[in-house]
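Comments concern the structure below.
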Amino acid sequence: MTLQDGGSADSKKFDTSRLQEQDNYFVHPWESMQTLGKNERTIITRADGIYVYDSDGNKLIDGPAGMWCVNVGHGRREIAEAMAKQAIEMPYVSPFSMGAQPSGVLAEKLAELAPGDLNHVFFTTGGSTAVDSALRFVGFYNNFLGRPEKKQIIGRADGFHGSTYLSASVSGKSRDKDFLDQEQGFIHLLASPNPFRRPEGMTPEEFRDARVKELEDKILELGPERVGAFIAEPILASGGVVVPPPGYQKACLEVCRRHDVLYISDEVVTAFGRLGHMFASEPVFDIVPDMITCAKGLTSGYVPLGALLISDRLLEQLRGDEDHSAYFSNGFTYSGHPVSCAAAIENIDIIERENLLEHARDVGPYFQAQLRTLEDLPLVAEVRGLGLMACIECAIPGKESLELDYAIGARVDKHCQRLGLVVRPLYHMCVMSPPIVITRSQIDDMVAILRSGIERAAEDLKREGLWE
Ligand code: PLP
């Protein structure tokens, strides 16, 4: 591929400024009040495979796969047809009172794919509601078992678990906390397990042990009889693809087991192929948690759906007899929505019949190796990641500030987009998680654009006097 400003031309049939005017009625996630109503967002009008096309006809590689979700790629007719068929046959049934074929088929399939005895599925509308349901389940479980004081929840800095009140409260991205209230009474956040930021002179192993000890110390400080659960993404995705040192997840699970604390593995990003497995907890991190939350790649983003997988071990303790029964009074109108489940069934079928897990395991190391070639660029501080998720952290050597982080991210974003790649950085961090169908030569294209985009961003920063 030759790099050219503006990407390759597609037919221009949209009035972009009119589309942007309409889009300004939409209060987007993380909307800035400074630019509200004045945004000039890129409007995407078409998508196919790993590419999206904007309203001016530019073709862009979808670097983040939408929002870590379009795992099998855009334009899958089979998924659209499965959804249409389901909508025509039977669009909706109340999950509060009846069953439907797609939700049953999908629940059984997820139970088969999930590790250990995680054989029951509570369907939700997305990742936040899956996490919210997991946290509510912790309270329900301990109330049922007659220990209502065992409800403190432990999360981590740099963790991200969603946008409901509870899931946002256990999230630890400090920059997201400025203007929204959080539950503080029963939520505790540990330091980030980011080895890149470990104290000087500390080995990754020592750092891992220190972070694990911090978890155990926190449980002991609060009192194990008061701690209900620990929630952790195996890799902290939105926190900047933070990969904790090897053995960290397993050691944390052992701490939780020692103190009868439930372990919730938030696999909203890592499941359905991103790390080369349907669920990454067991094959990649050697843990069988008590609960797993997932969403995103479950339908490859074609339609919203989330799920909370719960272990039989927990549910067995709650099975009531006539004298002792309780309702898990948590649920959504769209829990197990037939159309969403039909999409998920077809999506999982595609992953299986096209051997996409093997493909992801094959191209993942290449993706990581190629991205690491960018580490020679002065603006690149670190490249990290695993499988098909990675982060290129940029920084001006010796300088750190929120304003600079924004400035770097904005310039990298602008140049990469002009060259044909969607980056959408988290501040100064370019998070890459392409559709898992990406090929080696498409990875080469992506890395070539990143190199030029970062080089051009560095030139801008120097020209503007931000980098002397
Ligand atoms: N958990 C993790 C690990 C996530 O990355 C996200 C979203 O990015 C969520 C939960 C929330 O998912 P949703 O946006 O579908 O509610």
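In each ligand, atom 1 is the first atom listed, and ligand 1 is the first ligand listed. Being a predicted model, the structure only gives us computed values, none of them experimental.
- Between G126 and ligand 1, not a single N/O pair is under 3.5 Å apart.
- Regarding atom 15 (O) of ligand 1, its nearest protein heavy-atom neighbour is G127 N, 2.8 Å.
- Salt-bridge formation is detected for the pair K109/E112: a Lys NZ or Arg NE/NH1/NH2 atom is positioned less than 4.0 Å from an Asp or Glu carboxylate oxygen.
- Of all atoms in ligand 1, listed by their number and element, those nearer than 4.0 Å to a heavy atom of G162 are 11 (C).
- Closest to atom 5 (O) of ligand 1 among all protein heavy atoms lies V269 CG2, 3.4 Å.
- Ranking protein heavy atoms by distance to atom 16 (O) of ligand 1, first place goes to S128 OG, 2.5 Å.
- In terms of protein heavy-atom proximity, atom 2 (C) of ligand 1 is closest to F160 O, 3.3 Å.
- In the vicinity of E233, heavy-atom distances shorter than 4.0 Å reach the ligand 1 atoms 3 (C).
- Heavy-atom contacts of V268 reach the following atoms of ligand 1: 1 (N), 2 (C), 3 (C), 4 (C), 6 (C), 9 (C), 10 (C) (cutoff under 4.0 Å).
- The pair D62-R424 does not count as a salt bridge, with every side-chain nitrogen at least 4.0 angstrom from each carboxylate oxygen.
- Looking at M291 and L314, their side chains come closer than 4.5 Å, going by heavy atoms from C-beta outward.
- Salt-bridge check for D286 with K250: passed, with a basic side-chain N closer than 4.0 Å to an acidic carboxylate O.
- The protein non-hydrogen atom at the shortest distance from atom 1 (N) of ligand 1 is D266 OD2, 2.7 Å.
- Nearest to atom 8 (O) of ligand 1 among the protein's heavy atoms is K296 NZ, 2.9 Å.
- Between R208 and E205 there is no salt bridge, since no side-chain N of the basic residue sits under 4.0 Å from a carboxylate O of the acidic one.
- Remark: K218 engages E221 in a salt bridge, criterion side-chain N to carboxylate O under 4.0 Å.
- Electrostatic pairing of E31 and R41 counts as a salt bridge here, judged by a charged N lying under 4.0 Å from a carboxylate O.
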